[in-house]
Amino acid sequence: MKSAVFLYNDQSGKGRIRRNVGRICDIFREGGYDILPLPVDFDANPFDGREQIDLMVVAGGDGTVNFVVNAMKQKGLDIPLGIIPAGTANDFAGALGMSGKPLEAARQIAFGSIDRVDCGRVNDQYFVNVLSFGIFTTTSQHTSNASKHLIGKLAYLIEGVKEFRSLHAVPLEVVADGEAFDLDSLIVLVFNGETAGGFRLARQASVRDGLFDCLMLEKKNVIRSTEAMIRYLLGGSPRIIRQLQVRQLDIRSTVDEPTDVDGQKGSGFPLHIECLPGGLQVVCQKAD
C-alpha cells in the first residue's frame, strides 16, 4: 500500500477542510493509500521522519503550498505533491486544473497520475506561482485572514487600493537571459503560473513551458501609469508595461524594496531568479 500524509491548514478556506478531513482520508484509502492526516505546523518541517512517503497532500492556499515546497527542497527530496485548493485565490492549484471542491480535488489526486511542472527559485527560496515587488507586492501579506474569510478576493482589492497611495518607483538594473537594461519600475511580476490573487495577468504563462512570464510597469506620471494598468487588465498591451518570457533574471536595485513569493515574505536584493523546468512532481487528474 502506498503511504501518504494529508497536511491541511485549518485556517484556510473558511474551515471547509477541517470539516471534511475524515471524508478526504476515506477517498485516499479508497485509492489505495495509507494516509495520515496532520494539521500544518509552520514551525516544523512536515517531511521530518517522513522522507520515504509516496505522496504529500496539501490543503491550503498558495502560501501553504509554498511552505511545503520549500520544506521539501530544503531536505533535498522530490516527493509528489497533491494540492487541494483551500485558500482564497488558489492560483497554483488553478494552474494545475484542480477542482475548487475539496472532495472532488481529493478524488482527482487519489485516482490521478504524476506530472512534472516548473517551479521558480529566487536566491535560496522556492516559489510555485509568482514573485513580485513594487506596489501591491505586500497586499497578500497585509490582508488579514478574517478579511479573506469574510469577503474573499475582494479583500485583496481593498488592501491593494490602500497600497496604491504609496506609489513609488524602484530603480532596477536587469539582466534577462543575458539582455541587460535599466528600468524605473512601479511593479514587477514574475509568473510561473497564470494568475495572482485570482486575477489572470500572465496571458501566455504555463507551468509546463520552462519559462517565466514577466510584467514590468515602467514609472511615468500617475495618470499614465494608472491608465496603462487599466488598459492591460482590459486586454491591451501598453508600451510602458514590458512583457518578457525568460528562463533567468538577475535584478539589482539601490532601493531595499520588499519582495513577495506566493503571498509570503520574499528574498532581499540582489535577486537571482531562475525557472526550474520540471522541478516539481505533482499529482493531477488523469488526462482523458
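This structure is a prediction, so every number in the text was calculated from the model and none was measured.
Evaluation of the side-chain contact (heavy atoms from CB on, under 4.5 Å) rule for Arg107 yields Ile27, Glu30, Phe111 as partners, not counting sequence neighbours. Listed by chain and number, the residues in a side chain to side chain donor-acceptor pair (under 3.5 Å) with Ser267 are Gln125 (sequence neighbours excluded). Scanning for side-chain contact (heavy atoms from CB on, under 4.5 Å) contacts around Asp78 gives Arg116, Gln281, with sequence neighbours left out. For Ser206, there are no side chain to side chain donor-acceptor pair (under 3.5 Å) partners at least two apart in sequence or on another chain. Every residue two or more places apart in sequence or in another chain was checked for a side chain to side chain donor-acceptor pair (under 3.5 Å) with Lys2, and none qualifies. Contacts of Asp213 classified as side-chain contact (heavy atoms from CB on, under 4.5 Å), with partners at least two apart in sequence or in another chain: Phe191, Ala202, Gln204, Ala205, Asp209, Gln245. Applying the side-chain contact (heavy atoms from CB on, under 4.5 Å) test to Asp115 and every residue at least two apart in sequence or in another chain returns Val117, Arg208, Val282.
Salt bridge annotation for Glu218-Arg242: absent, with no cationic side-chain nitrogen under 4.0 angstrom from a carboxylate oxygen. Note on Arg29 versus Asp26: salt bridge recorded, some NZ/NE/NH1/NH2 to OD/OE distance being below 4.0 Å.
In this structure, CG in Leu38 is found 7.5 Å from OH in Tyr8, a value given to the nearest 0.5 Å. Atom CE in Met216 sits 11.5 Å away from atom CD1 in Ile187 (nearest 0.5 Å). Taking SG of Cys284 as the reference point, atom CD1 of Ile114 lies at 10.0 Å (rounded to 0.5 Å). Distance CZ/Phe6 to CD1/Ile17: 5.0 Å, rounded to 0.5 Å. Between the CG atom of Leu55 and the CD1 atom of Ile109 there is a distance of 7.0 Å, given to the nearest 0.5 Å. Interatomic distance, CD1 of Ile79 versus CG of Leu77, reported as 4.5 Å (0.5 Å rounding).
A pairwise comparison of heavy atoms in Pro171 and Thr254 identifies CG-OG1, 3.4 Å as the closest pair. Across all non-hydrogen atoms, the minimal contact from Ala176 to Phe181 is CB-CE2, 4.3 Å. Considering all non-hydrogen atoms of both residues, Pro37 and Ile35 come closest at CD-O, 3.8 Å. Nearest heavy-atom pair, Asp62 versus Ala93, reported as atom, atom and distance to 0.1 Å: OD1-N, 4.5 Å. Leu280 and Lys73 get closest at one heavy-atom pair: CD1-CE, 4.5 Å. The shortest non-hydrogen separation linking Thr64 to Val58 is CG2-CG1, 3.8 Å.
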Next item on the list: Check the pair Val190 / Phe133 against side-chain contact (heavy atoms from CB on, under 4.5 Å), numbers first and verdict last.
Entry: CA-CA 9 Å; Val190 180; Phe133 58 88; 6.0 Å; no
Item checked: side-chain contact (heavy atoms from CB on, under 4.5 Å) evaluation trace for Leu249 with Cys214 -> CA-CA 10 Å; Leu249 285 164; Cys214 306; 3.6 Å; yes
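Note: Phe28 and Tyr33 have perpendicular aromatic rings, judged against thresholds of 30 and 60 degrees for the angle between ring planes.
Phe212 and Val175 are members of different hydrophobic clusters when ILVMFWY side chains are connected at heavy-atom separations under 4.5 Å. Transitive grouping of hydrophobic side chains (ILVMFWY, heavy atoms separated by less than 4.5 Å) brings Ile84 and Val21 into a common cluster.
Gln108 places no side-chain N or O within 3.5 Å of a backbone atom of Ala106 that could act as its donor or acceptor partner. Using a distance-only test at 3.5 Å, with no hydrogens or angles considered, a donor-acceptor pair links the side chain of Asn45 to the main chain of Ala71. Checked by atom type and distance alone, the side chain of Asn90 pairs as donor or acceptor with a backbone atom of Ala86 at under 3.5 Å. Side-chain atoms of Arg247 do not come within 3.5 Å of backbone N or O of Leu211 as any donor-acceptor pair. With hydrogens and angles ignored, the 3.5 Å screen pairs a side-chain donor or acceptor of Asn70 with a backbone N or O of Asn66. Side-chain atoms of Asp262 come within 3.5 Å of backbone N or O of Asn129 as a donor-acceptor pair. When atom types are taken as modelled, the side chain of Asp54 and the backbone of Ser3 share a donor-acceptor pair closer than 3.5 angstrom.
The closest side-chain heavy-atom distance from Ile240 to Leu217 is below 4.5 Å. Between Leu7 and Val68, some side-chain heavy-atom pair lies under the 4.5 Å cut-off. Contact annotation: the side chain of Val5 never approaches that of Val57 to less than 4.5 Å [non-hydrogen atoms, C-beta and beyond].
More than 12 heavy atoms of other residues, nucleotides or ligands shown are found within 6.0 angstrom of NZ on Lys75. No more than 12 heavy atoms of other residues, nucleotides or ligands lie within 6.0 Å of CG in Asp256, so this atom counts as exposed by the packing criterion.
Every pair tested for ring-ring contact (aromatic ring centres under 6.0 Å, His included) that includes a residue from residues 73-105 fails, sequence neighbours excluded, so the list is empty. Screening residues 55-89 for ring-ring contact (aromatic ring centres under 6.0 Å, His included), with sequence neighbours left out, gives Phe42-Phe67. Listed by first then second residue, pairs satisfying side chain to side chain donor-acceptor pair (under 3.5 Å) with a partner in residues 176-198 read Asp91-Thr195, not counting sequence neighbours.
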Hey, can you pull the donor-acceptor pairs under 3.5 Å for the side chains in residues 269-279, sequence neighbours left out?
residue : atom : partner : partner atom : Å
His272  : ND1  : Asp250  : OD1          : 2.8
Glu274  : OE2  : Arg121  : NE           : 3.2
Glu274  : OE2  : Arg121  : NH2          : 2.7

What side-chain donor-acceptor pairs closer than 3.5 Å can you find for residues 227-239, not counting sequence neighbours?
residue : atom : partner : partner atom : Å
Tyr232  : OH   : Leu201  : O            : 2.5
Ser237  : OG   : Arg203  : NH1          : 3.4

